[in-house]
Amino acid sequence: MFLPKYPDSPTPPPVHHHTVADPAPVRRGSPQISVTTGAVVAVLVGGVVLTALLAAVAVTAVSVAVCAVVIRSMLRDQQRR
């Protein structure tokens with residue numbers, strides 16, 4: 001029932017004919033991108049400035065958190081007295 005059915009006489013494999021393909025299209029060169037020293041310096045300075053701003057924000061956040069904890073503990077001590 002589930003056995004494959006084979007043909008009575010096997011057919012020969014198909015013959016492949018070699019056809020000549022069209023020649024590959026000529027590839028256009030990509031535009032030349034030049035990286036100047038000024039561009040590299042601008043990117044580096046921008047990265048340093050952004051990193052410094054991020055560090056300043058992080059330090060400010062930590063100092064505000066520490067101040068909040070100190071003020072909270074001072075207020076809690078005053079309420080207990």
Side-chain angles (χ1 to χ4, degrees):
M1 182 169 142
F2 293 108
L3 295 176
K5 295 184 179 181
Y6 297 106
D8 293 333
S9 63
T11 58
V15 178
H16 295 286
H17 296 289
H18 181 68
T19 57
V20 179
D22 293 333
V26 178
R27 292 181 5 178
R28 286 190 255 162
S30 60
Q32 202 74 3
I33 298 175
S34 61
V35 179
T36 61
T37 306
V40 172
V41 169
V43 168
L44 288 177
V45 169
V48 168
V49 168
L50 289 177
T51 304
L53 287 174
L54 182 64
V57 169
V59 168
T60 304
V62 169
S63 65
V64 167
V66 168
C67 289
V69 169
V70 168
I71 291 173
R72 185 174 137 196
S73 67
M74 288 171 59
L75 290 176
R76 188 179 286 172
D77 286 343
Q78 265 190 348
Q79 289 176 355
R80 287 182 185 174
R81 290 181 185 183

Engineer: Taking a hydrophobic cluster as the set of Ile, Leu, Val, Met, Phe, Trp and Tyr residues connected by side-chain heavy atoms closer than 4.5 Å, whether directly or through intermediates, do Val45 and Leu53 fall within one such cluster?
Structural biologist: yes
Engineer: For the side-chain contact (heavy atoms from CB on, under 4.5 Å) test, which of Val35, Val41, Val40 pairs with Thr37?
Structural biologist: Val41
Engineer: Do you know which two heavy atoms are closest between Val70 and Ser73, and how far apart they sit?
Structural biologist: O-OG, 2.8 Å
